[in-house]
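Input: a single structure, listed below in structure tokens.
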Amino acid sequence: MELVFQVIDCDYTELNNSPLVRLFGKTEDGKTVCAFFENFMPYFYVKVSNEEELMVFLNKNFNSLVSNVESVKKFLPLGYQEEKTDLLKIVLKDPAQTPVIRDELKRHKFVEEIYEADILFKYRFMADRGVFGMRWVKVEGSPSSTVTVRTDKFISAKSVTTIENNSNVPLRHMGLDIEVVPSTEVVPNAVKDPIAIVSLSFLPSFSNENTLVLVAKPSTKKEDGSLFFKNEKEMLEKLVEIIGDYDPDAIVGYNINNFDMPYLLERLKQNKLSRVLGRDSEKIVMSKKFGNKTRNNILGRFVIDVYELIKESAGKGLLRLKRYGLGDVSRELIGEDKVDIAHSEISKHWNGDLNMLSKLITYSRKDAELVLKLLIQKDMIEKFIELSKVSGLLLQDVLDGGEANRVENVLLREFNRQEFVVPNKPEGSVMAKRDQERESKGLKGALVLDPEIGLHTKPVIYLDFRSMYPSIYVAYNICPTTLLTKDLPLDSYKTSFGSKFVTPKIREGIIPKIVKQLITDRDEIKKQMRKAKNEKERKMLEAKQIAIKYVTNSFYGYTGYVRARFYVLDVASAITSCGRELIQKTKNKVEEDKNFKVIYGDTDSIMVRTPASNIDDAMKVGLEIEQKINKELEGVVQMKIEGIFKSILILAKKRYAGLSNEKVDGEWQEKLVMKGIETVRRDWCDLVSKTLYDVLEIILKEQDPKKAFKYVKGILSKLEKNEIPLEQLLITKSISKSLGEYKGMQPHIELLKKMRKRSPATAPGIGDRIGFVIVKGLQLMSDRAEDPEYVKQNHLHIDSKYYAESQILPPLERVFEAIGIDKTELLGLGRQTLLRDMFKNSIKKAPEPESLTDYSGLICGKCNKTYRRSPLVGKCFDCGGELMFYSGETKSRFVSA
Amino acid sequence: MERNEIVKIFLDKGYMIDTTSLDFFSENQTMVQPFLDYYSDLEDKTGSIDINLVQEILKIKISSLQIIKTANKKQKISVSDQSTFLNKRFDAIKKIMNNRLDLINLVSINKISQKSKKFSLIGIVKNKNDETKSLILEDTTGEVELFFSENFFSDYDSILHDDILGFICSNEFGRYYYIKTVWPDIPLTREVKKTKENYKCIFACISDLNEVLTDWLNKSADEESAIFIFPVGDNKNVKKIFEKLPHSSVKYLVDGTSIISLSGLTFFLSNNQIYKKYQEFFKTTPEATLTNLVKRRNMNPSLDFDKSVYDDDPFILDQVPDVIVVSTLDEQSVSNYKGTNVLTIKDFALGNSVLVLDTKTREVIKIGIL
């Protein structure tokens, strides 16, 4: 019998006191498969000083657990060795016992070193048998049957081989979202508060339904696409049944990992229902907390958290939003929004009449729909599928894990293939040693050249090295396996750090080999992309090349990561020292021509100012520079022009904004590029982002700092005159807990208290966002947070000083300082002043009298909080600032009797 | 007066005083002039004055009237002055209350544990929230909000800003509720002091020159009388009257608030207008107003009514006074609270009567003067 399928998951179970590996997958025609592998045993390696002692020890203590011990010859992981080392391979009967034996062996003097004793059994199997996550395999064997596994087909495997197939089997997706009505004002408690609604979405459809809402209360009214139950228990029973019937490959949600899934599992437990939701009949869903993240694992399925995928994109700078709620993200990415029910209103709708319940059902249904739409329409999972194929990790581990695991899996396979053993993950004493070494020798990072701060109005060429660090690995054959730890008379490269690596003639390093292959594969894929027959193929290849790029670029970070198995300070330092050398060499080479000046350089890129007056001429010059540098660095690394900045404003290292021009289909395309200059921040109102963006545009496009300055003054003047629309001054924050749980005073919470007093029925509740503006007054800033509607109705004045000093000026100050506006020329001032001082004319400050004769209260000089009298501590209770007496708008440190 | 100034006064008279005497006069500066007046008239005198001499001469005076504290307002106060003032008050009341057995499970605010169902605090009232019927209480370790349920609204209403009191509280689901106030109060076991000598303390309140009263005082007051004059209105006129009163009596002009001692009895005397405000707050009789304050061991707790900061705070009753006399509540009343005479007097012109306390019997009588 033969089965060909795409690998989805892998685990093991026990059969006749031996491990049985189960490989889950899906065939081209969409059938689910489980292949059983017997006779694959766990093992690890030890280096001992006395074999006899080891044998005696094992026989005495672990006779029943050890299958056999054999002598092997392997290369050790660190340092160039001419010959293999004698090791013992200890084969066990039960993977779960590996840590037990390993930890016991560690204590004994005759054990010098232990290798590969902490590799997860599933990855041990996959690495040994050449199985990669999400790749296609051909399994040969005999038919099998079982009641413990719920797949369409079974096979008792004899062999497995990976086959070439770029396609991905269509997955069955199930979107899931739960609504809970908490019993108290605080966040719901999974032990006490039942789930009210479970909404599901399906792709492909399930019994002709794309969505289905399960409601945990009976209803007299029939609602299409909804099922009503007597209580939560019955509803959850149905949910489990649907999961079994629909048999999704992926369960998708928004923050499903941290909320929906753990909550659902707890409710299943409380209702004494089965938590087996995977493709077998025994394994409960694994839900584990790692720090502040929860990881959920369902055997044979994926749990995909779209919120985490969005945040990953945001982290890479691919998406910039103020907030990442489902509604905000959907609006931005697919132009759709949630149904309008405030979070605090859910309880009211649940307990309301049929119409209100109906609206709540629609609301819940939409949430499940949106999450699936985001995943599918934005092709969010494709990149991760390709990462799984490149790294060999299972897709769920790619989604849940970090970059280190991906690199390690790649290294494990190649190390083993070349007869190297792999070190264990470092523990306490090893970590301490690494920390000490790092402290004494240090790990110098990339070179960031001191920039020429200011506005550059002539075209600036932006060049960068193609895959600099991977290229360095290859050029200098840098690898733990090629590092010369002894003084041997061998052909080697010496890096500027001082470490030596044997040349590829002696031994090709494993990392350089992997990296070289990845670069080659990526180039090949890019060529294929140009010839892609359709959009689907192009997207798949795009995802592939991105995945390869991610893995390739992860190697440097991995070797410098102190907790990595393969961490070697000499290797990490060698890479960065070569990088620094290259940048410096490049700078010197460029500046041989006195007409060229390197105005900035960061890690693997440089910016060059030339005498060219337009971007076409600049491009010509750039190409000449590119050629010259590439000739110089031939065989090491290649440089290419990324773009031309028509103008660029450099504020500091890693902070600049420029008008970047790239040629696309023969035409120049211009865009405003910003690095390290935030224009989107949660605690900023829209006016700040808009003003900053406008100022940068004026400066860069019109190259007129005076105009930009006038523009800002204009904005401040409008603020003072209350002419800015309130919507642009709105700051929003969420209410995440009950009032009593908030310590100290926060503007949005003080406003909430006021809103509750004014109109308890309409005031926002927990889970809602509240928007506020800061109005004028002498009280604490938090006390001056006000609802915009109230401001309009009561004709209150905005605190222009707050908006000017705390919102607008801080980001702009750097911008204007960098320009080095000639202040005397602009303002006729006779001395250097800070920008703040320049704008202070519009921000009036009353002179402090020597002493008041009476006072209304006390006010903090730092945070403006007011007090009726001094607290016992004698200073501001909130911020520790100095207090002063105040009367009206006058303040003083003294009051006279 | 600085020490060197006191030394100069004596030197100008041709007298040298020793350090102990100088210490005494530094602390009892009002005694300098009476001593010098008396000493100057003596025929046998030396140029060197020591403490024995001072004590011998002033013996009658010392044993008759001593000023323990008087309310000196700081002329210019800083925030630090205010917080020091409040801290001292807090410490003083806390000291009075620390060993109270009725403060079960007494903790400081930062040590309130979620596990304690019932506990006590000593705190100063920072804020009152009439909408939520809650207090913010403060101590040196932090602050806490204390809620009042409906049954205790009247208790809530009777608490002043800046009151320093004990509270018994309960913890219900992380919220703290008031159960009871524990007042600093006067201990029941306190001894009612009486003097061996028969002093007649005459308490009179005058706003202006009143010949009826001055005639009567000149006739009735003698060496065994102590006259306490409480001015109303312009002090200058009253001071003139005061100077005309019999020299043979002990006399004291109550200008502000002071605590004095007379033959071992302690008197709290005040003509401060703040008591009207307290009466308005408590909405009760003058004597009940003063009793409410005595219970607090703080005769002027709230900065809402008096923002002044005093050098030597006379309002905090570290020692419980034997007699309390206040002249600004527009009524005359006589009452007794746990052994303390609580008297209010009014302008003589409005009632033509004075109150007279017998220090030996501790009886108070009202005398109408026509």
| message | Counting heavy-atom pairs under 4.5 Å with chain A, which one of B/K73, B/E143, B/R175 comes out on top? | response | B/E143

| Approximate separation, where rounding is to 0.5 Å, of B/T132 OG1 and A/R756 CZ | 13.0 Å

| message | Taking atom CD as the centre, does B/Q29 end up with more than 12 heavy-atom neighbours from other residues, nucleotides or ligands that are less than 6.0 angstrom away? | response | yes

| A/S896 side chain near B/Q75 side chain, heavy-atom distance below 4.5 Å | no

| message | If I measure from the heavy atoms of chain B, does A/F877 come under 4.5 Å with its side chain, its backbone, both, or neither? | response | side chain

| task | Please report the closest heavy-atom contact between B/L86 and A/S870, naming both atoms and the distance. | result | CD1-O, 3.5 Å

| field | OG-NZ distance between A/S892 and B/K76, expressed to the nearest 0.5 angstrom | value | 7.5 Å

| query | Contact part of A/K875 toward chain B, heavy-atom cut-off under 4.5 Å: side chain, backbone, both or neither? | reply | neither

| query | Would you say the side chain of B/Q82 lies within less than 4.5 Å of the side chain of A/L858, judging by non-hydrogen atoms? | reply | yes

| task | Indicate the atoms forming the closest heavy-atom contact of B/V79 with A/F885, along with that distance. | result | N-CE1, 3.6 Å

| said: I'd like to know whether B/K307 forms a side chain to side chain contact (heavy atoms under 4.5 Å, CB included) with A/D854, so could you lay out the CA-CA distance, the side-chain angles of the two residues, the decisive distance to 0.1 Å, and finally the verdict. | reply: CA-CA 9 Å; B/K307 292 178 181 171; A/D854 191 12; 3.3 Å; yes

| query | At a heavy-atom separation under 4.5 Å, does A/L883 approach chain B through its side chain, its backbone, both, or neither? | reply | both

| Part of B/S78 lying under 4.5 Å from any heavy atom of chain A | both

| task | Please say whether more than 12 non-hydrogen atoms of neighbouring residues, nucleotides or ligands are located less than 6.0 Å from NZ in B/K94. | result | no

| Tell me, side chain or backbone of B/T140 under 4.5 Å from chain A's heavy atoms, or both, or neither? | both

| said: Tell me whether A/K792 at atom NZ has more than 12 heavy atoms from other residues, nucleotides or ligands lying less than 6.0 Å away. | reply: yes

| message | For A/R869, which atoms come within 4.5 Å of any heavy atom of chain B: side chain, backbone, both, or neither? | response | both

| task | May I ask you to name which of B/T84, B/N87, B/D81, B/N127 has the most heavy-atom pairs under 4.5 Å with chain A? | result | B/N87

| field | Reported NZ-to-CZ distance for the pair B/K74 and A/F894, which is rounded to 0.5 angstrom | value | 11.0 Å

| request: Kindly indicate, with the supporting measurements, whether the criterion side chain to side chain contact (heavy atoms under 4.5 Å, CB included) is fulfilled by A/R868 and B/D304. | output: CA-CA 8 Å; A/R868 184 181 53 84; B/D304 286 356; 3.0 Å; yes

